[in-house]
Amino acid sequence: MPEINIKEIEEKWRKYWEKEKIYAFDKTKIKGKNKIYSIDTPPPTVSGEMHIGHAFSYSQQDFIVRYKRMNGSVFYPFGTDDNGLPTERLVEKINNVKSKNMSRKEFIELCLKTLKKITPEFIEDWKILGISADYNTYYSTIDKNSQKISQESFVELFNKKQIYKQEFPSIWCVECQTSIAQAELEDKEQNTLFSTIKFKADGKDLLIATTRPELLPACIAVFVNPKDKRYKNLVGKKAKVPVFNHEVPILEDSSADIEKGTGVLMICSYGDKFDVDAINRHKLNVKIILNQDGTLNEKAGILKGLRIKEARKKILEELEKHNLITEKKHISNNVNIHDKCGTEIEFIPTAQWFIKILDKKEQLIKQGKKIKWYPEYMFKRYENWVKGLEWDWNISRDRHFGIPIPAWQCEKCKNIIVADKEELPIDPLQVKKKCPKCKSEVNATPETKVLDTWATSSLTPQLASSLIDNKIIIPYSLRPQAHDIIRTWAFYTITKSYLHENKIPWEDIVISGFVTLQGEKMSKSKGNAIKPQEIIDKYGADAIRYWAASSKLGEDLEYQEKDVITGRKFVTKILNATNFVFMNLNYQEKMPKLHETDRLFLIQLNKAISQATQAFDNYNYSQAKQIVDSFFWQIFSDNYLEIVKNRVYNGTKEEKASAFYALYNSLLAIVKMMAPITPYITEEIYQNHFKKHEKINSIHLTKWPDELKLPGIKERKEDDKQWNKLLEIITKVRQEKSLAKKSVKADIILHISGEDNKLLKNLIQDLKTVTASKDIKEGSFRVEFL
RNA sequence: GGUCCAGUAGGCUAAUGGCAGACCCUCUCGUUUACACCGAGAUGACGGAGGUUCGAUUCCUCUCUGGACCACCA
């Protein structure tokens, strides 16, 4: 037996698939009713190499796609997401540059150049894994076409009055000097000084505890709880801020916690998100003391020019000097930091662009309900997220690399000018526009911000469709994705499809889980990541896919190398089984008169086919795999092959014909049913043994197996009984032999009940050879050794 | 604090309103016609308490534990 070289086999078929365009989408195929199964493929973020989570979730979606391809046509495009922050960072790292030291034009060019170099290698990992996408139907979320579509979306929504620009306190990193997304925040536990400070109210001291005394000059109100009797008499009066001596109103607000600190809470513009809410709620006039670079401005009085930490130190000294601090203690609290640089985030009001979503919560939940979620409970996560929304969708970012917001603003009349659809894609920095409204002579100011990456990736169905002349329109059949981005990618895509076309983007959505190690999510930042490239190198892509098929949709899966090894074993086993079968087999095209054992066996095959089909139809690939897998190991290999061996070697012509027919068809069905999971080895087997009879170019283009039409199928109950009894007796004999410490091949005389003997009368010969019985006698069950 | 998910042998995982099935580990045995990257066999499990039911691992309630997401964090 020659050594099996998995790597060689896989590489061979990968090249074959590419050369023969096995997965290429043929848009001429689309005619009228011809239903195409379309997939809104997730575009991976170009940020290095494929990680284990990718290998897991892309394998899972590929099982589904390959199954669907065997039942008709599929549209399975491929894209990469490369206009986001991760890409920006990667480009900075590779080229050793800082984007903020470069012009936007320069940096974008560098990004595009770098991407061109690294993307093909990045995508190669997906090809090696055996992902059967059509890599020539390809988009990048930063390419010209994507820019055009994304900007068109912006223009259209602006014209529909669904986008507005507003000065708004947004999450700001003073280190990176940009607004950032909520998704870019991390928690950090910190030991902070909690000081109780003396304000004055009604001529008396009013004590307020705070961790951020440097914001005293920005204090614009204090809150007390309406139920708090201690401060009842002060409500409606003014409090005097120490050191700065301005007066602020004392307001009732139930958000003030009686138990916390002194029960009095100071509101500053802006200390945290809570302040933002409170200020909006009470319509307070803000007093901004923080500059975008993290220094304090002239409104901060004596703190002017200092950075936040310096200012905190200075004001504490000042308060101390005037004996205005009554208590100091250290507490541990959580602060939000920017995941990139670790800087504590601030809130600074800047002009941002928003898509209106708060007024559409109900409709968006309704849209989500129209989509079929797998697993179903994932819809709840979507629903909870939408219900809990508090802000409109901020789509602008103060970044260099991204799709420019195609807008200008007239300085004179503040009119906003957006690009015409015909001029897209456009970079407003490169184009001069005059205000058509006030006819100002001065050029309008181009918008320097870019669109957030989600503003574009929420259009992936449209991006993909544009590659094939929009021959496929939403709703697509399927969106596969992981559960961590339900609130972003799934939500935003549903939102855009609703806003633009009042449709759902896809009929079904399947959610995959994470890969865990010792119960924790595997990720680079946790340092517990395992590289899929290394696993594939060692065990093959089929093996890692086999492992990925062992968890249900939506479930996290613990990574265990032994599961991959089990996959590898399957590959070896099916190859060996096939070699054995074809070593002795003559092709038998038409169904001959079936030997009873073969007929009963094929009934079991039919059962497996019907169950696996049903499972796959519900996207339950793990169940399908399990059904086929156990049929292959337990029924086909361990029992049927053992039973039929003797007939294949020594049977009559008729007995052989029946065995050949059953072997060929059962093996073909098994190989086909495993093809979605382990595409390489099944292709190898198909090409070597089945293609000459089946005449189709690749197993992945063959039809998913139907149940065989067998004679006498109506008496299935009786048939099952016979088959089960046969296996039961075989198992019992093996057990007896094992207990007696004899070889499985030890000769015996088998005693079985008269009832069983009658039931198995057509199978006696096979039973005899497989159990190595010299004779079978009636009586109570017994194994007699010779 | 809210929402959701999950608790099955030493480990990982499956199905099911009525004998809980694999795989890895452990132990025993086996190799003249596919496979030692093997085969056969054995040991071993439903977190806890209540309820519905003739019957609950499965359905319901509570509880404990773990995980995810969100919120809070003066």
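Here is how names work: the chains are called A, B, and so on, in the same order as the sequence lines, proteins then strands, and each is numbered from 1. Given the structure is predicted, the values throughout are model-derived calculations rather than measurements.
- Here the side chains of Asp598(A) and Arg647(A) are in contact, with some heavy-atom distance below 4.5 Å.
- Judged by centroid separation below 5.5 Å and plane tilt below 30°, Tyr377(A) does not stack onto the base of C4(B).
- Among the atoms of the strands shown, only primed sugar atoms or phosphate atoms (P, OP1, OP2) are found under 4.0 Å from some heavy atom of Lys552(A).
- For the residue pair Asn620(A) / Ser622(A), a side-chain donor-acceptor distance below 3.5 Å is found, with atom types taken as modelled.
- A cation-pi geometry, defined here as NZ or CZ lying under 6.0 Å from the six-membered ring centre and within 45° of its normal, does not hold between Arg381(A) and Trp373(A).
- The environment of Lys287(A) atom NZ is dense: over 12 non-hydrogen atoms of other residues, nucleotides or ligands sit within 6.0 angstrom.
- Within the 4.0 angstrom heavy-atom criterion, base atoms lie near Glu642(A).
- Of the listed nucleotides (A34(B), A68(B), C70(B)), A34(B) has the atom at the smallest distance from the side chain of Ala577(A).
- Positionally, the nearest nucleotide of RNA chain B for Gln560(A) lies more toward the 5' end than for the other of Gln560(A) and Phe274(A).
- Residue Gln614(A) places its CD atom among 12 or fewer non-hydrogen atoms of other residues, nucleotides or ligands, all under 6.0 Å distant.
- Ranking G39(B), G41(B), C29(B) by closeness to the Thr731(A) side chain, first place goes to G41(B).
- Residue contacts shown for Leu641(A) include a base, since a base heavy atom lies under 4.0 Å away.
- Residue contacts shown for Val571(A) are absent, as no nucleic acid heavy atom lies under 4.0 Å away.
- Pairing analysis of RNA chain B (Watson-Crick: purine N1 to pyrimidine N3 plus N6-O4 or O6-N4; G-U wobble: N1-O2 and O6-N3; both under 3.5 Å) yields stems of 3 or more pairs at B:1-7 with B:64-70, B:26-30 with B:38-42, B:47-51 with B:59-63.
- Using a 4.0 Å heavy-atom criterion, one finds that Asp638(A) contacts the sugar-phosphate atoms exclusively.
- The residue Ser630(A) sits apart from the nucleic acid: no heavy atom pair falls under 4.0 Å.
- Using a 3.5 Å distance cut-off with no hydrogens or angles, the side chains of Asp720(A) and Asn724(A) do not pair a donor with an acceptor.
- Thr678(A) and Arg545(A) are not linked by any side-chain donor-acceptor pair at a separation below 3.5 angstrom, with hydrogens and angles left out of the test.
- The residue Lys745(A) sits close only to the backbone: its heavy atoms come under 4.0 Å of sugar-phosphate atoms, none of a base.
- Atom pair Leu727(A):CG and G41(B):P shows a separation of 11 Å (rounding to whole Å applied).
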Just by protein heavy atoms under 4.0 Å, how would nucleotides 16-27 of chain B read 5' to 3' in B, S and -? -------BS---
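- Electrostatic pairing of Asp537(A) and Lys7(A) counts as a salt bridge here, judged by a charged N lying under 4.0 Å from a carboxylate O.
- For residues 212-224 of chain A, every residue pair satisfying the salt bridge (Lys or Arg N to Asp or Glu O under 4.0 Å) rule, not counting sequence neighbours, is listed here: Arg212(A)-Glu214(A), Arg212(A)-Glu346(A), Glu214(A)-Arg312(A).
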Below 3.5 Å is the cut-off: list the nitrogen or oxygen pairs between protein and nucleotides 42-47 of chain B, distance only.
{"unit_1": "A42(B)", "atom_1": "OP1", "unit_2": "Gln735(A)", "atom_2": "NE2", "d": "3.0"}

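- The side chain of Arg734(A) sits closest to A40(B) out of C37(B), A40(B), A14(B).
- With sequence neighbours excluded, the residues forming a ring pair (Phe, Tyr, Trp, His ring centres under 6.0 Å) with Trp547(A) are Phe56(A), Tyr559(A), listed by chain and number.
- Within the 4.0 angstrom heavy-atom criterion, base atoms lie near Lys573(A).
- Annotation: salt bridge (Lys or Arg N to Asp or Glu O under 4.0 Å) contacts involving residues 608-631 of chain A, sequence neighbours excluded, are absent.
- Salt bridge Glu534(A)/Lys538(A): absent, no basic N to carboxylate O contact under 4.0 Å.
- The residue among Ser743(A) and Phe636(A) whose nearest nucleotide of RNA chain B is located toward the 5' end is Ser743(A).
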